[in-house]
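Below is one structure; the comments refer to it alone.
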Amino acid sequence: MIPTKGKMTRRDMIRLSSGLVMLPVLSACGDTSAPGAVSNYREIIADVSELIIPQTDTPGAKAAGVPQFIEMLLEDWYAPDERDAFIQTLAQFDTVARDHGHTNFLEADPAAKIALLEGMEQGPVGKTAFDEMKQLTVWGYYTSEAATEELTYDPIPGRVDGCADLTEVGRAYLITGI
Amino acid sequence: MADPQFDAIVIGSGMSGGWAAKEFSEKGMKTLVLERGKDTKAGPDYVGENLAPWDMKFRERVHPDVVKADWPVQSECYAFRESTKHFFAKDSENPYSVEEGTGFAYIRGDQVGGRSLMWARQTYRWSDIDFGANKKDGNGVDWPIRYDDIKPWYDYVEKFVGVSGSAEGLRQLPDGVFQPAMELNCVEKEIKKGLEAAFPDRNMIIGRAAHLTQPTEEQLALGRGSCQFRNQCQRGCSFGAFFSSVAATLPAAERTGNMTLMSDTMVDSLIYDADTGKATGVRTINRKTGDRAEYTARVIFLCASTLGTLQVLLNSTSETFQSGFANGSGTLGRYIMDHHHRAGASGQFPGFLDKYVVGRRPNGIYIPRFRNLDETDQDFVRGYGFQGTAQRASWQSTSTAPGFGAAFKESLRTPAPWTFGITGFGEMLPHKDNRVTLHPTKVDPQGIPQIHINTKLRENEMKMRQDMAKTAKEMLEAGGCTNVESHVRETTIGLGIHEMGGARMGRDPGTSVLNAHNQCHEVDNVFVTDGAAMTSSACQNPSITYMALTARAVDYAVQQMKENRI
């Protein structure tokens, strides 16, 4: 009916839905064993999401239910082959940790974890894992109820002022329309 | 022969059908309104209204499997979300056919109210520059009306609808009956200054939008209230603040006691009596039960939306009308148009970092047509307008910045710097070969032949699109925007969601289907007042014009009925 586009994967749709640019999928480096269950990575997902959006003076990713949201997406949003690919990607966290002398990612201390993530964000090793976790975390956090404490939530404004002072509003809006 | 069951049958309950229902009912006519889609109860059926993102499993996203199965075309629409999808017709249940090598994105509703529940509420009058265009450049046939004929009806419908807008005195965009205009935000005001200084014949104004900013007694009495600036209109609005059939015209019709509204009721064809030369009624199919029933009336108004109406007319063949109802001219189904868009520009606007907005304005800026107004001095005829907004994006955009952790989280508390973008809506010329027919073999689930669409953008449109990108860029730069990028993106006809034509009005029965009163030349008790009637497309959003034509046509029809002429 309409001109066909290239097939978009669900992972791509997550990126697009967060308003983020489509990223190339780098092949997972190192570990080539079978992906395994999500539950093997439950703690890493929780740990990394909280490192990306930590508790500050407002809730962080864990309190916002982001780890559960990500696991739910893996179960109900991702196609099976995409799910397996993502879980395989998650192995990069341990791979990178070991490359830096740690037993695994979770065993590293907080400062070391941050350094590991900074390296992964730069890439190339671990960049796929980091980028995907960041996108999922951002999406899960900023659409959660906890985020109403973090950003301005104004469900029924009742009026409009196109020249308000930013100081009057305070923080960026959580909701921008439909 | 038995008396007709009704004075009038109105096919469709959307933008124009709602008006036909109201006008007939208020004039004392027993009116049957037939809607193919499901019922819509204001409030209870606004299932997406007031949902927070976390109330939805996928936080406003629709699962790809669901999109692929049920809404592959509808999901192309900018307004398609989890919270709005209940108003979009399922493509899986409403198939249509497209000519090989062409495309058409048919975006539509499937409920009482139709697209009047889903529209962007943009409301702009046509002028004689538009009504006179076909005569002037020879494309299509002359409109049988001019602005003077429709002006009183624009006044009439706008008063009831409630349109917020500013009087600007522009000859190409006549002022309407307005409630207080929404305002340009402070960056838009800056851009306007630079743009209008550099281009004195161009204007940037606030959009004219069918939102209540100062409800009248009549609107309050219908249960409508002021806009709350949520900009979530397509979910359904319990405030009745933007115009829809469900909020306004249907309740008005209901109150007279003269309207019977049947939902889930498709019209298969008109029943024609060759002896009297009139349509006597309609054949219907209940979509839930499959039951067939016929209803009779003195007068029939087709308001089923452009392609819906054309499907009924093309399917209403008889000995007299072998190629479609009232199709002696051979033009039924031809001269299909839409507004082409996805050509424009966007950029950044420096400064004003201490400024933000309160509320979510459900409206943008509008740049009325400035090309070829009096003379054609471009390499294309006709013209285009632009819609757009200046805004500061939130986390969806700012979260793409590098970083993570507490500092990153903190940084997302600041909205992005200002950006501004405009997208053009371009006029599409009426062309004989842009047409719809009925597919010879494919049918829909009720057994009605599918509409088959064969349209393409042609030379005038393609040249216009290049100019749209060019002028968009120069205006943004003149307005003070930086890093301006213009674009002409691939687009599909139908994505303007202003598809029209196919049963055009005209002076000559040999080259048109309808006369100056939207009445079929050949069958005087059948009228078409939705987009199918349009003889040219102009570039202005067309809904208010459909409403005005409908109210005017009902007024004429009722006069004729009272004088026993139809």
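This one's a predicted model, so the numbers in the text were calculated from it and none came from an experiment.
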Between the CD atom in Glu107(A) and the NZ atom in Lys113(A), the distance rounded to the nearest 0.5 Å is 8.5 Å
Answer key: most heavy-atom pairs under 4.5 Å with chain A among Glu99(B), Lys57(B), Gln234(B) is Lys57(B)
One option among Glu121(A), Glu168(A), Arg159(A), Gln55(A) has the most heavy-atom pairs under 4.5 Å with chain B, and it is Arg159(A)
Honestly, the part of Thr58(A) sitting under 4.5 Å from a heavy atom of chain B is both
Honestly, the part of Asp76(A) sitting under 4.5 Å from a heavy atom of chain B is both
Checking heavy-atom separations under 4.5 Å from chain B, one finds in residues 63-74 of chain A Phe69(A), Met72(A), Leu73(A)
By side chain to side chain donor-acceptor pair (under 3.5 Å), Asn104(A) pairs with (sequence neighbours left out) none
Highest number of heavy-atom pairs under 4.5 Å with chain B among Ala79(A), Ala147(A), Gly158(A), Gly140(A) belongs to Gly158(A)
- Quick check, are the ring centers of Phe352(B) and Trp418(B) under 6.0 angstrom apart? no
Just wondering, more than 12 heavy atoms not from Glu93(B) lying within 6.0 Å of its CD?
yes
Ranking Asp65(B), Asn231(B), Val358(B), Thr398(B) by heavy-atom pairs under 4.5 Å to chain A gives rank one to Val358(B)
Under 4.5 Å to a heavy atom of chain A? For Pro362(B) that would be neither
Side chain to side chain donor-acceptor pair (under 3.5 Å) test vs Asn50(B) passes for just one of Gln232(B), Arg230(B), Arg235(B), namely Arg230(B)
Indicate every side-chain donor-acceptor pair of residues 387-394 of chain B with a distance under 3.5 Å to a residue at least two apart or in another chain.
{"from": "Gln387(B)", "atom 1": "NE2", "to": "Asn541(B)", "atom 2": "OD1", "distance (Å)": "3.1"}
{"from": "Arg392(B)", "atom 1": "NE", "to": "Ala416(B)", "atom 2": "O", "distance (Å)": "2.8"}
{"from": "Arg392(B)", "atom 1": "NH1", "to": "Leu353(B)", "atom 2": "O", "distance (Å)": "2.9"}
{"from": "Arg392(B)", "atom 1": "NH1", "to": "Lys355(B)", "atom 2": "O", "distance (Å)": "2.7"}
{"from": "Arg392(B)", "atom 1": "NH2", "to": "Pro415(B)", "atom 2": "O", "distance (Å)": "3.2"}
{"from": "Ser394(B)", "atom 1": "OG", "to": "Tyr173(A)", "atom 2": "N", "distance (Å)": "3.3"}
{"from": "Ser394(B)", "atom 1": "OG", "to": "Tyr173(A)", "atom 2": "O", "distance (Å)": "2.6"}

**Study point:** Donor-acceptor contact below 3.5 Å, side chain Glu60(B) vs main chain Glu82(B)
**Key:** yes
Under 4.5 Å to a heavy atom of chain B? For Leu151(A) that would be side chain
Chain A shares the most heavy-atom pairs under 4.5 Å, among Pro402(B), Ala52(B), Gly405(B), with Gly405(B)
Cut-off 4.5 Å, heavy atoms of chain A, and the answer for Val67(B) is neither
Query raised in the report: Is the shortest heavy-atom distance from the side chain of Tyr78(B) to the side chain of Ile497(B) under 4.5 Å?
Result: yes
Under 4.5 Å to a heavy atom of chain A? For Phe408(B) that would be side chain
Sorted by chain and residue number, the salt bridge (charged side-chain N to carboxylate O under 4.0 Å, His left out) partners of Lys189(B) (sequence neighbours excluded) come out as Glu183(B)
Parallel, tilted or perpendicular, as decided by the 30° and 60° cut-offs, for the rings of Trp77(A) and Trp139(A):
perpendicular
From the list Leu412(B), Leu184(B), Thr414(B), the residue making the most non-hydrogen contacts under 4.5 Å with chain A is Leu412(B)
Checklist entry - Does the side chain of Phe87(B) reach to within under 4.5 Å of the side chain of Thr84(B), using non-hydrogen atoms? => result no
Check whether the ring centres of Trp71(B) and Phe80(B) lie less than 6.0 Å apart, and answer yes or no. yes
Turns out that what part of Ala401(B) lies under 4.5 Å from chain A's heavy atoms comes down to backbone
Under 4.5 Å to a heavy atom of chain A? For Arg81(B) that would be side chain
Answer key: most heavy-atom pairs under 4.5 Å with chain A among Ser226(B), Cys227(B), Gly359(B) is Gly359(B)
Before giving the answer on side-chain contact (heavy atoms from CB on, under 4.5 Å), spell out for Glu410(B) and Thr56(A) the whole-Å C-alpha distance, their side-chain angles and the decisive distance to 0.1 Å.
CA-CA 9 Å; Glu410(B) 170 79 25; Thr56(A) 53; over 6 Å; no
If one checks every heavy atom of Pro155(A) against chain B at 4.5 Å, the contacting part turns out to be backbone
Output for pair (Phe130(A) CZ, Ile52(A) CD1), nearest 0.5 Å, gives 5.0 Å
